[in-house]
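Atoms within a ligand are numbered from 1 in the order they appear, just like the ligands themselves.
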Amino acid sequence: MKIFRMNLWSCLFLAAVVWINNFEVDALNPGFKARITTNGLNYANSVAIEALKTNVQKAKIPDQSGEASGFKYSISNIHVTQFNPPSSDISLVPGKGLTWKASNAYIAIHGDFHYKKWFISDGGSFDAKLSGVSFGLELDIDANSEGRPDIAAKGCSSSFGDVDFKFHGGMSWLYNIFRENVANVIKDSLNGQLCKMINKEVNEDGAKKLADIKVTTKLAKKFLLDYRLSANPTFQSDYFETYHKGEIYWLTNPNTECPFSAPTMPDQTDNKNMLYLWISDYMFDSIGYAAQKHGFLVRNLTQNDLPASSRGVLNTTCSGFIPKCVGSLIPEIGQKYPHMAVELRMKSTEVPRMTVSASGVSLNATGTIDMYATKPGSSDTPFLLSLGAIGMTNVNISIQNELVYAQIKNMKIKLSVIKSAVGKISGSFLDFLVKEALNTVLIPQLNDLGKKGFPLPVTGEIKFTNTKLSFAKDTILIGTDLKYTPKTSAPIKDTSGPLKFIPNSAGIALNNKL
Ligand SMILES: *[C@@H]1O[C@H](CO)[C@@H](O)[C@H](O)[C@H]1NC(C)=O
Ligand SMILES: *[C@@H]1O[C@H](CO)[C@@H](O)[C@H](O)[C@H]1NC(C)=O
Ligand SMILES: *[C@@H]1O[C@H](CO)[C@@H](O)[C@H](O)[C@H]1NC(C)=O
Ligand SMILES: *[C@@H]1O[C@H](CO)[C@@H](O)[C@H](O)[C@H]1NC(C)=O
């Protein structure tokens, strides 16, 4: 009965893409939203059928024994010889949830039988054809008190049509005596176990696996990304949606909420893709807030941070190779502090904001840059000047391997003098500083962060295909089809031994890549 488990797990994987809760309805807008469309559910269903095809041959029905008309019989070594998958369907019930129905599977099985009465003892083999195998149930998708997903089977029913037997070997007049009994034994055994098994799979094993999914994940060692569910899922006729917190906290201070709230997410009516994900710029603003509040956005820029070829620009005394340096552009620095190097102590003074609009993504940052003269081995670091800085940049967002990547294209930095201990500062010095120091250091560093990729709440077994990225007010919208690639088919061995009938080996792992 690996069959039905595969079916089930294929269905569960969709539930794992989206975790759904009703533990505490959060009236606030979500920072992240997922939509699974009818096409997505159809795909889940087709994956289930594929799994059926490949696994049903390996299913095994446990040995049976009983007594009929004084004959003790046993049947063993029962295995599937042919399988025609059911027509199956995972469908939406608007306002309610999901149902999963499968009907008209055909299974042919072969097995050995043995019987005994008084001195008569004989055996042979049999072929049985089971047609009209059907089942149906509701899937309740829910969450526990921690915002983790939970799933429960409700109202499972199964039925079997005809069972047709053919016996080989032994004495045929005897077979007819228990033929009906064996047919009924097989049928009852399957019928009784099918729903029990599905319920167990869903309610115990499935729930356990879903509960293992990390709904929060660490980012850059300092932050905590929270994809917990923030409201009940809603079920429409064409899709269902899940709503997630979508907030990023300071790792050691995960209870401090960011002071701004997520904006309303724009709707969209294209439901052609299997899955849609809405990422609010609120997610990025909340990481900006946590970073700003905990003094993460500070940086000292020294000569060593610059490429070797341009280190000289921060010298207070220019060398022959570098005609322009701080000391020549601000002569007072060169006169007062010769043969020293300038250090830039930069800090963000406002929460950096990312803005998404239909035309794309931009980032604004505001800070100050204090400049000091330093000399190796000396603790005397005279203050030179203080600058205000505003940075604006477009961000190129892309998606690859189910991760969101950000890349800064060109940053415009505007500097203004706040305070100077070294006289008048020329505009050409400020331009020089931006070009030679800030752009060469800040952009690569920011891009290094962006290169790590931002995780989405999908399991490692789901790959995106035909992925489209678009932008709307405050929202990055991803529309994608899915390709399910199970990591482990470990419990299934192709060569020998059929799988156990009673499901207790690991199902398809719902590993979370986060
Ligand atoms: C920058 O340098 C100053 C002075 O040495 C120091 O107090 C501060 O902690 C440094 N900041 C960082 C982020 O390294
Ligand atoms: C910068 O100044 C230091 C001494 O303060 C010197 O050793 C170094 O060669 C200078 N670098 C350049 C590129 O001029
Ligand atoms: C970023 O800065 C520009 C220029 O100052 C401004 O027009 C824009 O509104 C700012 N965006 C945000 C999100 O603050
Ligand atoms: C954005 O990044 C992607 C991936 O690195 C790249 O293929 C694309 O050309 C970039 N777009 C722009 C406008 O720079």
*Looking only at heavy atoms, what is the nearest atom pair of I248 and F223, with distance?*
CG2-CB, 3.7 Å
_Top protein contact for atom 13 (C) of ligand 4, by heavy-atom distance_ = K409 NZ, 3.6 Å
_I'd like to check atom 2 (O) of ligand 4 in this structure: does the protein have a heavy atom lying under 4.0 Å from it?_
yes
*Give the residue, atom name and distance (to 0.1 Å) of the protein heavy atom nearest atom 14 (O) of ligand 1.*
N300 ND2, 3.4 Å
*Please assess D370 against S386 for the test side-chain hydrogen bond (donor to acceptor under 3.5 Å, both in side chains), listing each intermediate value before the final yes or no.*
CA-CA 4 Å; D370 296 330; S386 186; 2.6 Å; yes
*Please work out whether the ring planes of F240 and F235 are parallel, tilted or perpendicular, with thresholds of 30° and 60°.*
parallel
_Students should be able to answer this: which protein heavy-atom is nearest to atom 5 (O) of ligand 1, and at what distance?_
R345 NH2, 3.9 Å
_Going by the closest heavy atom to atom 6 (C) of ligand 4, which one wins out of L469, N396, V395, N410?_
N396
*Which ligand 1 atoms, with their elements, are less than 4.0 angstrom from a heavy-atom of V298?*
13 (C)
*asked:* Would S398 count as a polar contact of ligand 4, with the cut-off being nitrogen or oxygen pairs under 3.5 Å?
replied: no
*Output yes when a protein non-hydrogen atom is found under 4.0 Å of atom 9 (O) of ligand 4, and no otherwise.*
no
*Just say parallel, tilted or perpendicular for the rings of H294 and W250, cut-offs at 30° and 60°.*
parallel
_Ignoring hydrogens and geometry beyond distance, is a side-chain donor-acceptor pair present between S348 and Q292 at under 3.5 Å?_
yes
*Close aromatic pair by centroid cut-off 6.0 Å: Y239 and Y276*: no
